[in-house]
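Each ligand, and each atom within it, is numbered from 1 in the order the structure gives. Quantities reported herein were computed from a predicted structural model and do not represent experimental measurements.
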Amino acid sequence: MTPALELRGLGYRYPDGREALSGIDLRVQPGESLGLVGPNGAGKSTLLLHLNGVLPERLDGEPSVFVHGVALGRDTLPQIRRDVGLLFQDPDDQLFCPTVADDVAFGPQQLGLLAAEVREVVQRALQQVGLAGFGPRSPHQLSRGEKSRVCLAGLLACTGRVLALDEPTSHLDPRGRREFTALLGGIQATKLIATHDLELVVALCPRVVVLDGGKVVADGPTVQVLDDEELMLAHGLERPHVLRHRHPH
Ligand code: ADP
């Protein structure tokens, strides 16, 4: 099966010379939910930014990112941006329209849908994230949790098959985290979720990749990888409480 996402020897140095990723090989199958964990500075956000060409200087060299078999390059960028929805860590970086409906409509409008189709898609996406009726409201008057949902609705409205989510629950309170986790669990898509929320990983991702110093240091079944206390501590993480509860020592 053609992987939904494939990285082949992906390396990246920021313009100031800092090496953020090196030699990353990764395959994610269609429909898979993959957790991406690691300490601050591990390279998680940089990896996600590669998935839809946010880093423009990457578009001309030898391709190392493939989405459903299509190599990311300058000519395939529009196609790949349609396929991969990227949720930024801070919803305020993503929301810029006067109303929720306008924000969610932005993507589908770019795809060239007719006005009536856009309205329908927006309504459906807002319903999917539990925000039916929020269309006329201003995104800036919403709670953090609601803002995150609006951002997610924006991605769903574009019907991308791959969701790349950067710390989707980091700014939410425990209830918000639980609700957002459940919401993500109900969405059919290939998901790559960079997060410090290990409970979310346990709940949604059967497989997890640990990144540290720009390299993959572990890749395997979540319960196995996250239960390895030595590995977790060596990479600035901790064994999640949910697993401790399952295997009390
Ligand atoms: P994570 O998301 O795992 O916290 P990042 O991808 O943000 O890690 O960062 C990876 C490395 O790249 C870090 O060493 C960080 O300091 C560096 N980095 C991130 N963004 C930039 C940037 N815009 N310019 C220079 N270095 C950066």
**Q** Within ligand 1, which atoms have a heavy atom of A42 less than 4.0 Å away?
**A**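 Those qualifying, in numeric order: 1 (P), 3 (O), 8 (O).
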**Q** Check the pair S64 / H50 against side chain to side chain donor-acceptor pair (under 3.5 Å), numbers first and verdict last.
**A** CA-CA 9 Å; S64 43; H50 275 83; over 6 Å; no
**Q** Under 4.0 angstrom from ligand 1, any heavy atom of G38?
**A**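 G38 does not count as a contact of ligand 1 under the 4.0 Å cut-off.
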**Q** For N40, counting its heavy atoms only, list the atoms of ligand 1 lying under 4.0 Å from any of them.
**A**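 Listed by number with element, the hits are 4 (O).
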**Q** Starting from atom 18 (N) of ligand 1, which protein heavy atom do you reach first, and at what distance in Å?
**A**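 Heavy-atom neighbour on the protein nearest atom 18 (N) of ligand 1: Y14 CE1, 3.3 Å.
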**Q** Around atom 13 (C) of ligand 1, find the nearest protein heavy atom and jot down its residue, atom name and distance.
**A**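 The closest one turns out to be G41 O, 3.6 Å.
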**Q** Hey, are S22 and Y12 close enough side-chain-wise for a donor-acceptor pair under 3.5 Å?
**A**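 Side chains of Y12 and S22: no pair found under 3.5 Å.
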**Q** What is the nearest protein non-hydrogen atom to atom 8 (O) of ligand 1, stated with its residue, atom name and distance?
**A**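 Here the closest protein heavy atom is G43 N, 3.0 Å.
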**Q** Could you tell me which residues satisfy ring pair (Phe, Tyr, Trp, His ring centres under 6.0 Å) with F180, sequence neighbours excluded, listed by chain and number?
**A**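 Checked F180 against ring pair (Phe, Tyr, Trp, His ring centres under 6.0 Å); zero matches.
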**Q** So for P39, does at least one of its heavy atoms come nearer than 4.0 angstrom to any atom of ligand 1?
**A**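 Judged by the 4.0 Å heavy-atom criterion, P39 does count as contacting ligand 1.
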**Q** Determine whether the side chain, the backbone, both or neither of A194 has a heavy atom under 4.0 Å from any heavy atom of ligand 1.
**A**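 It is neither; nothing of A194 touches ligand 1.
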**Q** Under a plain distance cut-off of 3.5 Å, with no hydrogens placed, do D83 and H68 share a side-chain donor-acceptor pair?
**A**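 Checked: H68/D83 side chains pair up, N/O donor to acceptor below 3.5 Å.
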**Q** Any atoms of ligand 1 less than 4.0 Å from a non-hydrogen atom of S45? List them with their elements.
**A**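 Close to S45: 1 (P), 2 (O), 6 (O), 7 (O).
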**Q** Per the side-chain hydrogen bond (donor to acceptor under 3.5 Å, both in side chains) rule, what does the pair list look like for residues 182-193, sequence neighbours excluded?
**A**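 Those involving residues 182-193 do not exist here.
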**Q** Hey, is K147 close enough to D92 for a salt bridge, meaning N to O under 4.0 Å?
**A**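 Yes, K147 and D92 are salt-bridged.
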**Q** Can T169 and H196 be counted as having a side-chain donor-acceptor contact under 3.5 angstrom?
**A**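 No pair is found: no donor N or O on one side chain lies under 3.5 Å from an acceptor on the other.
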**Q** Is ligand 1 under 4.0 Å from a heavy atom in the side chain of R18, in the backbone, in both, or in neither?
**A**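 Looking at R18 and ligand 1, just side chain atoms fall under 4.0 Å.
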**Q** Between D16 and ligand 1, which part of the residue brings a heavy atom under 4.0 Å of the ligand: side chain, backbone, both or neither?
**A**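 It is the side chain that gets close, since no backbone atom is under 4.0 Å.
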**Q** Just which atoms of ligand 1 are under 4.0 Å from any heavy atom in T46?
**A**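 Per the distance check, 5 (P), 6 (O), 9 (O), 10 (C).
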**Q** Salt bridge check, D166 against K44: does any charged N sit closer than 4.0 Å to a carboxylate O?
**A**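 Between D166 and K44 there is no salt bridge, as every charged N stays at least 4.0 Å from the carboxylate O atoms.
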